[in-house]
Amino acid sequence: MEKIKLFCVSLGCDKNLVDTEKMLGLLNSEGYAFTDDEGEADAILINTCCFIGDAKEESVDTILEMARLKEEGRCRALVVAGCLAQRYKEEILEEIPEVDGILGTTSCDEIVNVLNGILGREKAAPVSCFHDLAEPPTGGENRVVTTGGYYAHLKIAEGCDKRCTYCIIPYLRGSFRSVPMEQLVQEAGQLAEQGVKELILVAQETTLYGKDLYGGKTLPKLLHELAKVPGIQWIRLQYCYPEEITDELIEAIRTEEKVCHYLDIPIQHASDRILRRMGRRTNQAQLREMIAKLRREIPDIALRTTLISGFPGETQEDHEELMTFVDEMEFERLGVFAYSAEEDTPAYSFPDQVPQEVKEERRDEIMQLQQEIAFEKSEDMVGRVLTVLIEGKVVDEPAYVGRTYMDAPGVDGLIFVNADVELMSGDFVRVRVTGSAEYDLIGEIYDESAQ
């Protein structure tokens, strides 16, 4: 019997991608085949995002594009999952009749039942499956890794309790719930057996890991346990809220050999007035103190952050205060989003909404400043010797592309390595930095024995 062919689109963040890979793992175990040609697909799965306006628009456009294949292709089942499905279930079913099934954010485990149900019946009402948002999360057993094999994201928790005034996530993903540690260690072992060498720990907030299960923050212990997994060589931390970073966590990052000296700390702003309006738990003085402490304890740490420009009520003075902060802190990596007003969040109805043009101008000003900082930091790397994870070969050149500990995949820079020896994707090699090209570095193989 010919296998059912599935085409999958995963939109949004890396946490959503983990959900997609879990669903693909379940479908793979059920005997489904995967295709990268949507025209050949018997079934299409779209895992959606709606964190900000642009993400929402991309999700809707993708659903409409795939809906056409119900008429033009061989598609017999179109299933929509993820955050947009959770938030706009009724609207999707009412306005896009081609959708056959819809899954909420805590219902990924039902994908096989939903698809089998759709494919095994005559035309009937759409299948919808929504579990309670408080449902405990579990590890992703037998995930199908879609990132290329050498790195994978490990989602250590679901939901968030912070309820920042601009953020829709708690309404779509529920309150903060940790995945049990033994399940995460088991999942990491399975990923390593598939060839994964770098684990990227993600959650809405990683720093609170374990508080709900073990009576206290146990991220340091999790790092030590994951470091014992054979085959894993790098462990990278993302989404660490500054107010939750403890001395124990800093010590674990500093001393655990496999943990990259890299920390993603979303701070969002630096004006105390705007931070209060955002519902954040830190002020600028505390942010400065934490950044100084991290650099003092781990001198080679690479710090990444994200900011929001044009939050309701942000004045030119607030913006200039943020610019000064960015200039003085000199983050190694930084991204900025123009504020997106999301219905059902408190900030949506705040007075003093900033015009879109002003939001974007302020975003561009911050990014221009950060570009100058980043380019200078790249130049300062010349002469350093770094470990590099090789990710591919440059076409028709005796050179390879890879990443250092300072670079998370997809959001940070790359290093181009000139080499007259054959390297394989997934290799770790020592490289001397010889130059820089904007956000990226250039280097050559470093021969330790010749030194």
Side-chain angles (χ1 to χ4, degrees), residues 14-15 17-22 24-26 28-29 137-157 178-203 206 209-210 218-239 249 252-264 302 385-393 400-412 414-415 417 419 421-431 445-446 448:
D14 39 35
K15 299 173 285 291
L17 179 63
V18 173
D19 291 344
T20 299
E21 292 179 343
K22 288 181 182 180
L24 292 177
L26 292 167
N28 185 55
S29 298
T138 57
E141 197 171 329
N142 300 318
R143 271 167 58 189
V144 172
V145 177
T146 60
T147 51
Y150 299 105
Y151 73 88
H153 299 92
L154 187 68
K155 184 157 70 165
I156 67 173
S178 304
V179 178
M181 194 176 299
E182 62 274 13
Q183 292 183 21
L184 292 172
V185 173
Q186 180 184 3
E187 184 177 352
Q190 290 179 347
L191 292 170
E193 286 169 7
Q194 292 182 51
V196 168
K197 297 185 178 183
E198 177 184 7
L199 289 178
I200 303 168
L201 273 52
V202 297
T206 54
Y209 175 77
T218 50
L219 181 57
K221 183 179 180 186
L222 176 63
L223 291 175
H224 292 309
E225 292 302 312
L226 292 173
K228 297 174 186 174
V229 176
I232 297 301
Q233 296 190 46
W234 276 359
I235 300 170
R236 187 180 301 277
L237 274 173
Q238 295 194 316
Y239 309 105
L249 177 58
I253 297 167
R254 189 178 71 83
T255 59
E256 187 61 72
E257 194 176 327
K258 291 184 180 181
V259 178
C260 294
H261 289 179
Y262 173 104
L263 212 53
D264 169 53
V385 176
L386 302 168
T387 299
V388 171
L389 172 57
I390 298 297
E391 295 197 308
K393 190 176 186 304
Y400 296 82
V401 63
R403 290 183 292 110
T404 72
Y405 77 91
M406 298 180 292
D407 301 297
V411 291
D412 296 329
L414 299 166
I415 181 165
V417 182
V421 296
E422 186 174 350
L423 300 174
M424 300 293 290
S425 295
D427 284 350
F428 283 88
V429 293
R430 296 287 283 168
V431 174
I445 297 293
Y446 179 70
E448 310 262 7

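What you see is a predicted model; the values in this text were computed from it and never measured. Just so it is clear, the values below take in all heavy atoms, side chains as well, and ignore hydrogens, waters and symmetry mates.
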| field | Polar contact flag, side-chain donor to acceptor under 3.5 angstrom, S425-E391 | value | no
| task | Taking T206 for its side chain and Q238 for its backbone only, find out whether a donor-acceptor pair lies under 3.5 Å. | result | yes
| request: Please report the closest heavy-atom contact between Y262 and A408, naming both atoms and the distance. | output: OH-CB, 3.4 Å
| V385 versus Y446, closest heavy-atom pair with distance | CG1-CD2, 3.6 Å
| field | Close side-chain approach of L423 and I445, heavy atoms under 4.5 Å | value | yes
| message | Contact between D264 and Y239 at the side-chain level, heavy atoms closer than 4.5 Å - yes or no? | response | yes
| remark: CD1 (I253) and CG (L263) are apart, to the nearest 0.5 Å, by 4.5 Å
| field | D14: partners by salt bridge (Lys or Arg N to Asp or Glu O under 4.0 Å), with sequence neighbours left out | value | none
| remark: Residues G210 and T218: closest non-hydrogen pair is CA-OG1, 3.3 Å
| query | Any side-chain heavy atom of L201 sitting closer than 4.5 Å to one from I235? | reply | yes
| query | Taking atom CD1 of I390 and atom NZ of K197, what is their separation to the nearest 0.5 Å? | reply | 11.0 Å
| query | Should we say atom CD of E182 is surrounded by more than 12 heavy atoms from elsewhere, each under 6.0 Å from it? | reply | yes
| request: Please answer whether the main-chain N or O of P180 pairs with a side-chain N or O of S178 as donor and acceptor at a distance below 3.5 Å. | output: no
| query | If you round to the nearest 0.5 Å, how far is NZ of K155 from CZ of R143? | reply | 9.5 Å
| message | Would E225 and M181 count as a side-chain contact (heavy atoms from CB on, under 4.5 Å) here? Give the steps. | response | CA-CA 9 Å; E225 292 302 312; M181 194 176 299; 3.9 Å; yes
| Which residues satisfy the salt bridge (Lys or Arg N to Asp or Glu O under 4.0 Å) test with D407, sequence neighbours excluded? | R333
| said: Main chain of T138, side chain of K22: is a donor-acceptor contact present, judged purely on distance under 3.5 Å? | reply: yes
| task | Might you point out which heavy atoms bring V229 and A192 nearest each other, and give the distance in Å? | result | CG1-CB, 4.2 Å
| Are the side chain of E21 and the backbone N or O of T146 linked by a donor-acceptor pair below 3.5 Å? | yes
| said: I'd like to check I200 versus V202 (side-chain heavy atoms, cut-off strictly below 4.5 Å). Are they in contact? | reply: yes
| query | Could you give the distance from OH (Y400) to NZ (K393), rounded to the nearest 0.5 Å? | reply | 5.5 Å
| field | Shortest non-hydrogen contact from G426 toward Y150 | value | CA-CD2, 3.4 Å
| Would L199 and L191 count as a side-chain contact (heavy atoms from CB on, under 4.5 Å) if you check the C-alpha gap in whole Å, the side-chain angles of each, and the deciding distance to 0.1 Å? | CA-CA 9 Å; L199 289 178; L191 292 170; 3.9 Å; yes
| Can I156 and L222 be said to form a side-chain contact (heavy atoms from CB on, under 4.5 Å), step by step? | CA-CA 9 Å; I156 67 173; L222 176 63; 3.9 Å; yes
| field | Nearest-0.5 Å distance that lies between atom CZ in R236 and atom NZ in K258 | value | 15.5 Å
| task | List the atom of R403, the atom of L414, and the distance in Å for their closest heavy-atom pair. | result | CG-CD2, 4.0 Å
| Check: L237 and L249 side chains under 4.5 Å, non-hydrogen atoms | yes
| query | When you measure from the side chain of Y151 to the backbone N and O of V196, does any donor-acceptor pair fall under 3.5 Å? | reply | no
| message | Looking at N142 and G25, would you say the former's side chain and the latter's main chain have a donor-acceptor pair under 3.5 Å? | response | no
| Got E187 and L184 here, is their nearest side-chain heavy-atom distance under 4.5 Å? | yes
| request: Mind checking the CG-CZ spacing from L386 to R430? Nearest 0.5 Å is all I need. | output: 7.0 Å
| task | Might you work through the side-chain contact (heavy atoms from CB on, under 4.5 Å) test for T404 and D412, ending with a clear yes or no? | result | CA-CA 10 Å; T404 72; D412 296 329; over 6 Å; no
| Does the side chain of L17 reach to within under 4.5 Å of the side chain of T147, using non-hydrogen atoms? | yes
| request: Using a 4.5 Å cut-off on heavy atoms from C-beta on, say whether the side chain of I415 contacts that of V431. | output: yes
| query | Distance under 6.0 Å and angle within 45° of the ring axis: does K221 meet both against Y209? | reply | no
